[in-house]
2 protein chains.
Amino acid sequence: MTTEAAGWVGNGYDPQCPTRVLLDRVGDKWTVLVIGLLSDGPMRFTTLRDSVGGVSGKVLTATLRALERDGLVNRTAYPQIPPRVEYALTDLGRSLQEPLAVLRGWSEQHIAQVVAHRAEFDRAAGIRLQF
Amino acid sequence: MTTEAAGWVGNGYDPQCPTRVLLDRVGDKWTVLVIGLLSDGPMRFTTLRDSVGGVSGKVLTATLRALERDGLVNRTAYPQIPPRVEYALTDLGRSLQEPLAVLRGWSEQHIAQVVAHRAEFDRAAGIRLQF
DNA sequence: CAGAATCCGGTCCGATACTG
DNA sequence: CAGTATCGGACCGGATTCTG
């Protein structure tokens with residue numbers, strides 16, 4: 001492991017930083033939702049789209065393509081008409097569940113405080129604008 | 001804790017979902033870097049900007065403002081000329097270090113595989129375009 | 001059914017210039 | 001020193017339409 005790879009923050013912004021790569025992967029709108037749903041087992045494209053809810057086909061395709069590209073999800077197309085395509089987590093993808101569960105744990109414990117701070121901050125800023 | 005608040009994935013996209021709020025907070029370009037730097041102690045604005053490297057004043061201000069709004073960072077302005085402003089993690093902000101460390105741990109163990117998959121996927125896609 | 005193609009608005013971010 | 005104001009480019013994601 002290089003010093004660079006070990007650096008949480010190193011110095012300067014580095015798109016190659018491992019933590020950065022993960023955050024970029026996981027920070028988008030649908031990825032974590034999709035991983036969560038696939039945790040229960042393989043799913044077909046349309047089932048996934050309906051389960052996620054509110055995602056367009058184009059964007060779900062892009063999300064899945066990116067997950068597949070990174071080796072987190074496997075895509076299996078059955079040569080039928082109409083087509084049948086199944087998506088499933090890989091071992092690597094499943095290994096992500098633990099860190100994500102930790103994030104979830106922190107969120108459930110602390111997000112209420114964040115939201116409260118947010119409201120108070122906005123209220124205070126609002127007052128300043130009023131006078 | 002409501003069922004909704006407990007749901008990792010619940011059903012459908014929910015901007016209020018605790019995990020979602022956290023991901024949105026932490027998924028942007030500079031936040032994690034800033035938190036990492038502030039872990040060593042309070043820092044002044046310019047010191048922070050120089051340490052982060054590559055961030056514009058405007059964006060760093062926005063990042064810090066958002067962190068302050070959420071109660072993760074404290075802003076202290078000393079009434080001097082020239083001004084002196086210090087930023088420090090709050091207890092809430094410090095509590096984020098642990099989950100972030102978990103993310104970092106996963107990244108350092110697995111990102112190499114992700115990058116490898118990525119390269120292989122792109123290579124395979126490239127071949128398909130060639131013929 | 002599982003997408004690809006296109007268009008389009010909103011947001012993120014950087015660069016620059018200015019100020020108390 | 002620590003910002004604010006303004007502009008512009010890039011990217012993300014949504015809606016719609018079309019296809020094997």
Side-chain angles (χ1 to χ4, degrees), chain A residues 12-15 17 20-21 23-34 37-38 42-70 73-88 121 125 128-129, chain B residues 12-15 17 20-21 23-34 37-38 42-70 73-88 121 125 128-129:
Chain A
Y13 173 83
D14 175 15
C17 165
R20 178 80 260 143
V21 173
L23 288 172
D24 287 344
R25 272 297 10 215
V26 140
D28 73 343
K29 190 164 181 181
W30 302 107
T31 293
V32 171
L33 247 12
V34 167
L37 286 168
L38 291 181
M43 291 178 85
R44 298 183 58 171
F45 183 84
T46 301
T47 313
L48 204 42
R49 191 183 52 199
D50 294 346
S51 300
V52 169
V55 66
S56 70
K58 172 193 146 193
V59 172
L60 181 58
T61 298
T63 301
L64 289 166
R65 191 81 76 230
L67 285 168
E68 188 196 358
R69 180 170 107 107
D70 289 354
V73 158
N74 249 323
R75 177 183 184 274
T76 311
Y78 300 90
Q80 305 174 358
I81 292 180
R84 169 190 182 84
V85 178
E86 282 198 348
Y87 293 91
F121 185 93
R128 238 171 263 129
L129 289 179
Chain B
Y13 172 84
D14 175 14
C17 165
R20 178 80 260 145
V21 173
L23 288 172
D24 287 344
R25 272 294 14 210
V26 139
D28 72 343
K29 190 165 180 181
W30 303 106
T31 292
V32 171
L33 247 10
V34 167
L37 286 169
L38 290 181
M43 291 178 86
R44 299 182 59 170
F45 183 84
T46 302
T47 313
L48 204 40
R49 191 182 53 198
D50 295 346
S51 300
V52 168
V55 66
S56 70
K58 172 194 146 191
V59 171
L60 181 59
T61 298
T63 301
L64 290 167
R65 193 81 76 228
L67 285 168
E68 189 196 357
R69 180 170 105 107
D70 290 353
V73 158
N74 249 322
R75 177 182 184 275
T76 311
Y78 300 90
Q80 304 173 359
I81 292 180
R84 170 191 183 83
V85 178
E86 282 199 347
Y87 293 91
F121 185 93
R128 239 172 262 129
L129 289 179

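Chain A is the first sequence line, chain B the second, and so forth, proteins listed ahead of strands; every chain is numbered from 1. In this text, all values refer to a predicted model and were calculated from it rather than measured experimentally.
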Is [X] close enough to [N] that one of its side-chain N or O atoms is under 4.0 Å from OP1 or OP2 there?
X       : N      : result
A:Arg49 : C:dG3  : no
B:Arg44 : D:dA2  : yes
A:Arg75 : C:dG3  : yes
B:Thr46 : D:dA2  : yes
B:Lys29 : C:dG14 : yes

Calculate the interatomic distance between [X] atom [atom1] and [N] atom [atom2]; express it in whole Å.
X       : N      : atom1 : atom2 : result
B:Asp24 : C:dT11 : CG    : C1'   : 12 Å
A:Glu86 : C:dC1  : CD    : C1'   : 13 Å
A:Ile81 : C:dG3  : CD1   : C1'   : 14 Å

Want to settle it: does A:Pro83 or A:Asp28 sit nearer the 5' end of DNA chain D, counting the closest nucleotide to each? A:Asp28
Identify the two heavy atoms, one from B:Leu37 and one from B:Ser51, that lie closest to each other, and give their separation to 0.1 Å.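 Heavy atoms only, the tightest pair is CD1-CB, 3.8 Å.
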Salt bridge check: are B:Asp14 and B:Arg20 linked by an N-O gap of less than 4.0 Å?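 Looking at B:Asp14 and B:Arg20, the cut-off is not met.
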Donor-acceptor side-chain pairing of A:Thr47 and A:Asp50 below 3.5 angstrom: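 Checked: A:Thr47/A:Asp50 side chains show no N/O donor-acceptor pair below 3.5 Å.
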Options D:dA2, C:dG3, D:dT4, nucleotide nearest the side-chain atoms of B:Val85: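 Closest of the options to the side chain of B:Val85: D:dA2.
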Classify A:Tyr87 by what it touches in the nucleic acid, base, sugar-phosphate, or nothing, heavy-atom distance under 4.0 Å. sugar-phosphate
